[in-house]
Amino acid sequence: MHRNIFLLLITFSLTSSAISQEHTLVLTLEETIEQARRQSPDAQNARHSFRSAYWNYKYYCANYLPALKLTSNPYLDRAINKVTQSDGNVKFIEQNLLSTDLTLSLTQNVPWTGGTFFIETTAQRLDLFSSDTYSWQTSPVNIGYSQSLFGYNSLKWDRRIEPIRYREAKKTYVETLELVAANATEKFFNLAKAQSNYEIANANYANADTLYIYAQGRYNIGTISENEMLQLELNKLTEETNCMNARIEVENCMQELRSYLGIQEDLLMKVRVDNRVPDLHVDLDAALMLANENSPEIQNMLRRKVESESAVSRAKANAGLKADIYLRFGLTQTADKLKDSYRNPLDQQYVSLGITLPILDWGRGRGQVRVARSNRDLVYTQVEQDKTDFDLNVRKLVKQFNLQAQRVNIAARTDYTAQRRAEVARKLYLLGKSSVLDLNASIAEKDTARRNYVTTLYNYWSLYYTLRSLTLYDFENNKPLSEDLDKIVDNQYYFDNKSITSAKR
C-alpha cells in the first residue's frame, strides 16, 4: 500500500515536472553570481552605500572651492519701540518701517589656517511709512576675513581623512560584490547538495525497492532468512522517507536562492555544477602585497588612526586659549536714491577680536586631552592587532586555497570509486555472494563520497571568492578587480539589463 502511494507521488511529480519544464530555470555558478551582483539585496545596498559615500566626498570637495551666494533678510516693523535720541534720552516712539536688503557674496575657505576670505556687495532700502519717505544704504565692495586663531582646524583634518574614507568606500564596494559572489556560491551549492541528495534518495529507493522484490522471491524459496528480508524492507522504507525529506530540502534551498537573486516569480530552479575547477596556485607573498594595497580593511585602519589624531587635536583646541578674529574693509554710502548711494563712497573698517582663556576649570580641559590621547593609543594598538590578524587570515586562506584543487581531484576520484564499489556490491548481493551488511555499507560510502565531493567543490569556490574579496584581484585572469563606478553614481547600474530569468526562456 505504501509502495503504491509513493509510486503515485513520484509519477505525479514527474508529470508536473514535464508540464512545467519550460518554466524551469537552469543556472550555472557563473550565471548565479552575475544575477546576484545585479539584483541581490546585498548588491543593491552596496550601491546605495557607495552613492552616499560619493556625494559625501563631493560635499567635502566643495568646501575648498569658492562659493557664490545671494542672501536677503527683509523685515517689517510696525510697533512702539525704545529709541535713543540725539541728546541721550530714550523715548517710546511709534515706528512703521520696511527694511529690504540684498547681498551678493563670494567666499573661499583657507584649509591651511581654517579661516574664510569673503568679498561682498550689499544694498539696503529703508521705507518709513509714517513719513512716506525712503532711503538707500549701499556697500559697493567689502573684503573680509574670519579666523579662529587657536581653534580646531576641521578643513585641514578633513583633507587628510575624507580622501581615505572615499578610497575605502570604493574598495568596499568592489569587496562587497565579491562577498555577494561568495554568498551566492553558498546558496548555489546548498541547492546543488539538496538536488544531489534528492537524486541519491530516488536512486537508492529504486534500488531498495528492486532488492526487496528480489528478496521476497528468495525468501519464498528459503535461500535467505526472514531477518535479511526484513532488513531489506526496512532499507526500502528508510529510503522512501529520505526521498520525502530530500524533496522538502530542495524546495527550501530553491526558495532561498530565488529570494537572494531577487527573482519574484515562483518558478522551478535547477543548478548545473561544473566539475572542472581551475588549477590555480596563488603566491603567498604576492597575495599579501595585493591585500595590503587593495583591501578596504587597510584603508579603514589608516582612517581610524588619522581620526584618533584629529580627536586629540580637537581636545587640545577646546582646552586651551581660544581667539576669534574678524576683519572687514570696504566702502559704503547712503542717499535718498539708489544711484546716488554709489557716488563718493566712504571707506569703512571693522575689526573684532574675541578671546577666551580658561583660568579655573578643575582640570576638565586637561582631562579631555588625556582621554583623547588614551583613545588614540588604544586605536593604534587595535590597528596593529587588526593588521596582524589580517595578514594571518590572508596567509591561512592562501594556504587552504592552494590545496583545494588537489582536494577536489581526490574527492572526484573517491566519488567515482565509491560509485563503482556500490554497483559491484549490488551485483554480488544479487548473485548471493555478499551480505546485506556489505551492501548497506557500500551504499552509505557511495552517498557520503558524493556529498563530500559537492562540499569540496563548494569549499574551493568559497575560498576563491573570499580570497578575491581580500585582495581585489582576479587570479584566474591576472588583473585587478574594478567596477564602473560612474554608472552607480548616475543610478544607471544594470538599469538596462535583461533579467536572467527572461533571458533563459
Side-chain angles (χ1 to χ4, degrees), residues 10 26-29 32 182 185-212 214 228 231-232 234-254 257 269-280 399-431 433-466:
I10 292 294
V26 181
L27 291 176
T28 63
L29 179 60
T32 302
T185 299
E186 179 184 4
K187 299 184 183 303
F188 175 91
F189 277 98
N190 284 343
L191 181 55
K193 293 174 188 176
Q195 287 179 180
S196 177
N197 290 337
Y198 186 60
E199 293 170 359
I200 290 172
N202 281 332
N204 289 345
Y205 175 77
N207 289 332
D209 184 61
T210 301
L211 291 174
Y212 177 67
Y214 174 75
E228 187 171 348
Q231 179 65 52
L232 291 173
L234 182 61
N235 290 351
K236 183 177 77 74
L237 294 174
T238 302
E239 296 301 337
E240 184 177 352
T241 302
N242 291 340
C243 282
M244 296 179 183
N245 294 336
R247 181 64 183 175
I248 294 174
E249 183 186 5
V250 168
E251 291 290 344
N252 292 338
C253 294
M254 193 185 306
L257 184 58
M269 298 182 68
K270 185 175 181 180
V271 295
R272 185 170 65 246
V273 178
D274 190 353
N275 296 325
R276 295 172 299 175
V277 296
D279 188 9
L280 298 175
K399 292 177 180 179
Q400 290 179 349
F401 177 76
N402 287 336
L403 295 175
Q404 201 61 33
Q406 183 179 357
R407 289 177 178 173
V408 171
N409 293 331
I410 295 174
R413 294 199 303 268
T414 303
D415 178 52
Y416 175 73
T417 303
Q419 297 286 340
R420 288 187 59 191
R421 181 181 182 277
E423 184 62 26
V424 170
R426 179 176 176 274
K427 291 179 180 179
L428 290 175
Y429 180 79
L430 291 175
L431 294 174
K433 296 182 179 181
S434 68
S435 67
V436 68
L437 295 178
D438 293 335
L439 177 63
N440 289 341
S442 67
I443 292 174
E445 290 173 358
K446 169 183 69 72
D447 298 346
T448 301
R450 168 57 63 175
R451 295 186 180 99
N452 288 341
Y453 175 61
V454 177
T455 301
T456 306
L457 280 174
Y458 161 69
N459 290 337
Y460 177 92
W461 290 111
S462 178
L463 286 170
Y464 177 69
Y465 285 108
T466 303

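Side-chain atoms are counted along with the backbone in the values below, which use heavy atoms only and exclude waters and symmetry mates. This one's a predicted model, so the numbers in the text were calculated from it and none came from an experiment.
Contact between M269 and Q195 at its shortest, heavy atoms only, is O-OE1, 3.9 Å. The shortest non-hydrogen separation linking D415 to K446 is OD1-O, 4.4 Å. Between D279 and A405, the shortest heavy-atom distance links the atoms OD1-CB, 3.7 Å. Pairing each heavy atom of T414 with each of A449, the nearest pair is O-CB, 4.0 Å.
Counting only heavy atoms from C-beta outward, the side chains of R421 and E445 approach each other to under 4.5 Å. For the pair L457 and V408, the minimum side-chain heavy-atom distance is below 4.5 Å. Side-chain contact between R247 and Y198: present, with at least one pair of heavy atoms (C-beta onward) separated by less than 4.5 Å. At least one side-chain heavy atom of L280 sits less than 4.5 Å from a side-chain heavy atom of F401. With a 4.5 Å cut-off on side-chain heavy atoms, L29 and W461 count as touching. Side-chain contact check for R450 versus I200: some heavy-atom pair is nearer than 4.5 Å.
Distance check: Q419 CD to S442 OG gives 10.5 Å after rounding to the nearest 0.5 Å. Here N252 contributes atom CG and L191 contributes atom CG; the two are 11.0 Å apart, rounded to the nearest 0.5 Å. Annotation: the span from L234 atom CG to T238 atom OG1 amounts to 4.5 Å, rounded to 0.5 Å. Taking CG from L463 and CD from Q400, the interatomic distance works out to 5.5 Å, rounded to the nearest 0.5 Å. To the nearest 0.5 Å, atoms NZ (K187) and SG (C253) are separated by 9.5 Å. A distance of 4.0 Å separates NZ in K193 from OG1 in T455, rounded to the nearest 0.5 Å.
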Report task. Could you give me the CA-CA distance, side-chain angles and deciding distance for T185 and Y465, then say whether side chain to side chain contact (heavy atoms under 4.5 Å, CB included) is met? Result -> CA-CA 9 Å; T185 299; Y465 285 108; 3.8 Å; yes
Report task. Show your working on side chain to side chain contact (heavy atoms under 4.5 Å, CB included) between L237 and T241 and close with a plain yes or no. Result -> CA-CA 6 Å; L237 294 174; T241 302; 5.7 Å; no
Requested in this report: Decide yes or no on side chain to side chain contact (heavy atoms under 4.5 Å, CB included) for I248 and E251, but give the supporting numbers first.
Outcome: CA-CA 5 Å; I248 294 174; E251 291 290 344; 5.7 Å; no
Query raised in the report: Would N190 and Y458 count as a side chain to side chain donor-acceptor pair (under 3.5 Å) if you check the C-alpha gap in whole Å, the side-chain angles of each, and the deciding distance to 0.1 Å?
Result: CA-CA 9 Å; N190 284 343; Y458 161 69; over 6 Å; no
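For R451 and N197, the side-chain atoms include at least one donor-acceptor pair closer than 3.5 Å.
Side chain of T32 to backbone of T28: a donor-acceptor contact under 3.5 angstrom is found.
Ring pair Y460/Y464 is parallel by interplanar angle, where below 30° counts as parallel and above 60° as perpendicular.
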